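What follows is a set of notes on a single structure, which appears directly below.
Treat the numbers as computed from the prediction; the structure is a model and nothing was measured. Every chain is numbered from 1 and lettered A, B, ... according to where its sequence line falls, protein lines coming before strand lines.
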Amino acid sequence: MIRDTLQRMITAAIAALHERGELDVPESGIPKVEVERPQQVVHGDYATAIALKLARPPRSREIAAKLAAYLNETAPLVPAYELVERVETAGPGFINIHLKPEWLLRQARTIIDAGPDVGAVDLGRGSTINLEFVSANPTGPVHIGNGRGGFIGDTLGNVLRAAGYNVTKEYYFNDAGAQIQKLGRSTEYYMRLALGLPAEKPKGADGKEEGYFDNENDPDDTFYQGIARLVLDETHQGADVLALPDDERAALIGKRAAAHIMQHIRATMQRLNIHFDVWFNEGDLVTNGEVQAGIEFLRDAGYLFEQDGATWMETTRFGDDKDRVLIKSGGETTYAASDVAYIRNKLNRGFDRLIYVLGADHHGYVGRLKAMAQMFGYSADKVHIIIYQHVNIKVNDVSMRMSKRLGNVVNLDDLVDLVGPDVTRFFYLMRSHDTHLDFDLKLAMKEGEENPGLTVQYGHARVAGVLRKAVEAGYHPETEALGADLAVLVSDPPEQLAAELNLMRELLKLEEIIERCAQALEPHHLTKYGMDVAAAFHVFYDRCPMLRAESDAVRMARFALTLAARTVLARVLSLLGMSAPDRMERATEAE
RNA sequence: GUGCUCGUAGCUCAGUGGAUUAGAGCGUUGGCCUGCGGAGCCAAAGGUCGGAGGUUCGAAUCCUCUCGAGCACACCA
């Protein structure tokens, strides 16, 4: 990576000057040289403030000048530093590095050769990550809120793979316990309705309705009726189950209903191009004894205590804000007991890191999950929890809150029906997980260029269109690009050269973007990057004629730039989990 | 009450302790099609970075306080 090369170069320069006695370094050694991108182009391609870290102004200025002089002198002699054009100093001691235009242009070749792997960096060195996301309960369809974890998790997984990690994407189904009983009773209600039997909505201890129901104000919402029908079909119209004793009946119907809902959720994920390697069922942990084994392990380790007839685990020992009940006084295990078994299961599978993508309503889990991991002897900083904020949908400038409890659920499937999977993904990924997402439905439904969800795809389609045109005109872009000498473009008029260099600089950022997304666990940078690349290509295309290029050599070089742009755009779309179309269809014709 | 997250342009939001000028998309206003193509390009207007202190050579970025919004604080899952 370019930045790493420059970092090594500058570090070596500091060491050399220090050796000569011309530069003092702290006793702790040379500080890490941070190489960053300046905001303004005139400040070069890269810059470092290392001189300011070594000394305060005005002495930092001297140091910067010494370093710059040394670098300008030695860089041309080292083949690895051939990318450097010149090094300058500015302000209180910044060192600005300008890259060689010929070198930048020649990187188009490297990008084309990298193909679908372009931008890959080896940050992970094959270390393993378990990435758990969505994990919505199989008691209803995925909605606009908890679906957010799906986009963040899936794209984050793609990016981490591009960054050299071995990623297992995982979904955890809570298919055991009380909520499945509730689901069973709710489903039974609809089964009885369908059969024309007397039916009553189940009620909780407080006499209020309790369970999972269709929204009766919305005639299109017949989700649970549909699930009930499926259960009827596989139980001889209920004959196999409805006569069973109460608890057994609820459990059995609930289990069947949950199985159908899981299928439904998997289908939703599938159409959104969200992929999982492992679908994990909580129920398995119960039946195969892992829940019990987890509790025993903690008991032997001395982390459990009894109080008020219940069994608690002392998570506060590891920074949690309160201890958690594992076994209720009534003898049943809690949800936390399953969590213990699950995290133990993951650790036993040998993952180097565990990443959880959870909604804001779960932020209370951070302390408990990290504490659990530590009770099994695992370092807390290998557990990363990404908390994403809630989602509102904006319809006609009115923001509506999505909440299951308020009975105001909007299914993710309904949204995808309206705007398609690609736009859905882009809109969800445009925002940092840390900020609330206002989904602008009106904007997402637009079909033209004003829809930001389509701009990257339009960019890719345009590249493909240009290449298609070239073939029609009798050229062979792929083979011509092979023989191109990119450096000829250096003689282009300034306005054209600027567009070409700008495009190459943008394309070369991909590695840094992937690295940043992977390090910060923030996939959203990819969307903005994709838009920047598309914009850079448009300007290039606007300024630099290809079929009407001044010479064969220039045309061939521009074919190479175009192919490099296609490579990067396709890679970005693939990481975002979107399709990379060669042409865009308009559903409605203008005028 | 305690804790977590967030307050940046009319709207929705990027922004990695750095540079006289804090960016993008949408929206608004104006310009550019007999030249690969308009699925685009150029330009303008629009900001007390919620507020007040502090740390620093340097703060939208770090710290404290404060105001506002969301969420969480179960022997629920």
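Counting any heavy atom pair closer than 4.0 Å across all strands shown, A/D542 reaches a base atom. At a threshold of 4.0 angstrom between heavy atoms, the contacts of A/L454 with the nucleic acid are absent. Across all strands, A/H538 comes closer than 4.0 Å only to sugar-phosphate atoms, never to a base (heavy-atom distances). Residue A/K322 is in sugar-phosphate contact alone, with no base atom involved, counting any heavy-atom pair closer than 4.0 Å across all strands shown. Nucleic acid contact class of A/A461 (heavy atoms, under 4.0 Å, all strands): base. Residue contacts shown for A/A176 are limited to sugar-phosphate atoms, with no base heavy atom under 4.0 Å away. Counting any heavy atom pair closer than 4.0 Å across all strands shown, A/R543 reaches sugar-phosphate atoms only and no base atom. Using a 4.0 Å heavy-atom criterion, one finds that A/S338 contacts no nucleic acid atom at all.
The pairing partner recorded for B/A44 is B/U28, the criterion being a Watson-Crick or G-U wobble arrangement whose two distances lie under 3.5 angstrom. Using N1 to N3 plus N6-O4 or O6-N4 for Watson-Crick, or N1-O2 and O6-N3 for G-U wobble, each under 3.5 Å, B/C71 pairs with B/G3. The base-pairing partner of B/A60, taking Watson-Crick or G-U wobble contacts with both distances under 3.5 Å, does not exist among the strands shown.
In this model, the phosphate group of B/G37 is approached by a side-chain N or O of A/K469 to a distance below 4.0 Å at OP1 or OP2. An OP1 or OP2 oxygen of B/A69 is reached within less than 4.0 angstrom by no side-chain nitrogen or oxygen of A/H390. The shortest distance between the side-chain N/O atoms of A/R462 and the OP1/OP2 oxygens of B/A39 is not below 4.0 Å. A close approach under 4.0 Å does not occur between any side-chain nitrogen or oxygen of A/K528 and OP1 or OP2 of B/G23. The side chain of A/H524 contributes an N or O atom lying less than 4.0 Å from OP1 or OP2 of B/G15.
Here the nucleotide nearest the side chain of A/Y541, chosen from B/G37, B/A39, B/C13, is B/G37.
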